[in-house]
Amino acid sequence: MLTLVATPIGNLGDLSPRALEAMRSADAVLCEDTRVTGALLARQGVSVPLVPLHEHNEAAQVPRLLERLAAGEKLALASDAGTPLMSDPGYRLVRAAIAAGVPVTAVPGPNAAVMALTLSGLPPHPFLFVGFLPVRGGARAAELGRLRAAERAGLRTTLVFYEAPHRLDESLAAMAETLGADRPAAVARELTKRFEEVRRGSLAELAAWYARHPARGEVVVVVGPPEAEAPAGEADLDARLREALAAGMSVRDAAAAVAAATGVARKLAYARALALSRAGR
Ligand code: SAM
């Protein structure tokens, strides 16, 4: 049995009795940083064998861990903070355990993305958890461009990003530029901790604020969905379809998404998408 255990994102009072019990009763706790999880458990008077499992060794560790699980051991997986796998290690192991028929369960608990979403005052669903954007400016702009293309093709969801505090202002500026300066947004900082704060405003306002007041601590950025856009004219229809196709959508998906976003008949959108796709080859 593999148990994914959520741990606090700042406030130690959020460690649940079930989370503690799952780790106490495990044959080993797999963790990102044995010092962090070791200290969390030591504070509760618990001593369990700890096995490091992080980005750099996960692929190599999986076969060994599967052998232990197959032999009937109980393993728990915890990350430094919050819910494992959510911008944290564990996905490869979970996928391999499922494929091997090992039972997988979880003790749910803190997660910064969901907490920020619920405090943002923005529509809670549908939402898209993006995680961290690329660090480099060009790659970040390209990723935001792909999101914007999907929005132009009809995607209407609240977006949730993790970000490092020293990159917050430049990321907000890039979001304002690509997603729209007026988009309603929120920055949730130091959640569950003493200086917890949620600042709400447009992307442009938040970018300007954090350019003047550098953020400290941990942050989540939540961006509300785009406004419904005016019905598309012919040129606009082609532009949207081109963007959707360039973002990797199939002709059929691009047509369906753009038709839904613009109210244009699906047949017409499909015919244009097909023509554009052929012309682009
Ligand atoms: N697995 C974690 C979870 O479930 O939230 C997230 C791990 S990810 C490596 C760390 C990022 O999560 C931080 O850079 C920040 O964006 C966000 N985060 C974690 N704790 C937070 C907190 N207390 N307040 C705001 N954001 C937090």
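Note that ligands are numbered from 1 as they come in the structure, with each ligand's atoms numbered from 1 the same way. All values below come from the heavy atoms of this structure, side chains included, with hydrogens, waters and symmetry mates left out.
When each atom of ligand 1 is checked for a heavy atom of Thr83 under 4.0 Å away, the hits are 1 (N), 3 (C), 4 (O). Numbered from 1 in the order shown, with element, the atoms of ligand 1 that lie under 4.0 Å from a heavy atom of Lys193 read 23 (N). If you number the atoms of ligand 1 from 1 as listed, the ones under 4.0 Å from a heavy atom of Met86 come out as 1 (N), 2 (C), 6 (C), 7 (C). Close approach to Asn111 involves these atoms of ligand 1, each under 4.0 Å from a residue heavy atom: 3 (C), 4 (O), 5 (O).
For residues 127-146, every residue pair satisfying the side-chain hydrogen bond (donor to acceptor under 3.5 Å, both in side chains) rule, not counting sequence neighbours, is listed here: Arg140-Glu170, Arg140-Ser171, Glu143-Arg146. Pairs passing the side-chain hydrogen bond (donor to acceptor under 3.5 Å, both in side chains) check and including a residue from residues 44-65, sequence neighbours excluded, do not occur.
Judged purely by atom type and a 3.5 angstrom limit, Thr83 has no side-chain atom pairing as donor or acceptor with the backbone of Ala6.
Annotation: atom 15 (C) of ligand 1 to nearest protein heavy atom, Val219 O, 3.3 Å. Looking only at heavy atoms of the protein, atom 2 (C) of ligand 1 is closest to Ala81 O, 3.1 Å. Among protein heavy atoms, the minimum distance from atom 18 (N) of ligand 1 is reached at Ala112 CB, 3.4 Å. With hydrogens left out, the protein atom closest to atom 14 (O) of ligand 1 is Phe132 CZ, 3.3 Å, a heavy atom. When only non-hydrogen protein atoms are considered, atom 24 (N) of ligand 1 lies nearest to Leu191 N, 2.9 Å.
Residue Leu128 is grouped with residue Leu203 when hydrophobic side chains (ILVMFWY) are merged at heavy-atom distances under 4.5 angstrom, including chains of intermediate members. In the hydrophobic clustering of this structure, Leu12 groups with Val46; members are Ile, Leu, Val, Met, Phe, Trp, Tyr whose side-chain heavy atoms approach within less than 4.5 Å, directly or through other members.
Across Glu218, Glu197, Glu163, Arg167, heavy-atom proximity to atom 25 (C) of ligand 1 is greatest for Glu218. The heavy atom nearest to atom 8 (S) of ligand 1, out of those in Ser87, Ser79, Ala78, Pro165, is found in Ser87. The closest non-hydrogen atom to atom 1 (N) of ligand 1, taken over Val198, Thr192, Asp88, Val187, comes from Asp88. Counting only non-hydrogen atoms, the option in Val221, Val220, Leu85 that gets closest to atom 26 (N) of ligand 1 is Val220.
Each of Leu41, Leu50, Val107, Thr3 was scored for a side chain to side chain contact (heavy atoms under 4.5 Å, CB included) with Met23, with one residue passing: Leu41.
Put simply, no part of Gly10 is less than 4.0 Å from ligand 1, judged by heavy atoms.
The shortest heavy-atom contact between Leu2 and Leu77 is CD1-CB, 4.4 Å.
Ligand 1 has an N or O atom lying under 3.5 Å from an N or O atom of Ile9, backbone or side chain.
Look at Arg24 and Glu21 and you find a salt bridge, because one of the NZ, NE, NH1 or NH2 atoms lies within 4.0 Å of a carboxylate O, short of that distance. Between Arg68 and Asp27 there is no salt bridge, since no side-chain N of the basic residue sits under 4.0 Å from a carboxylate O of the acidic one.
Using modelled atom types, one finds a donor on one side chain and an acceptor on the other under 3.5 Å when comparing Asp88 with Ser79.
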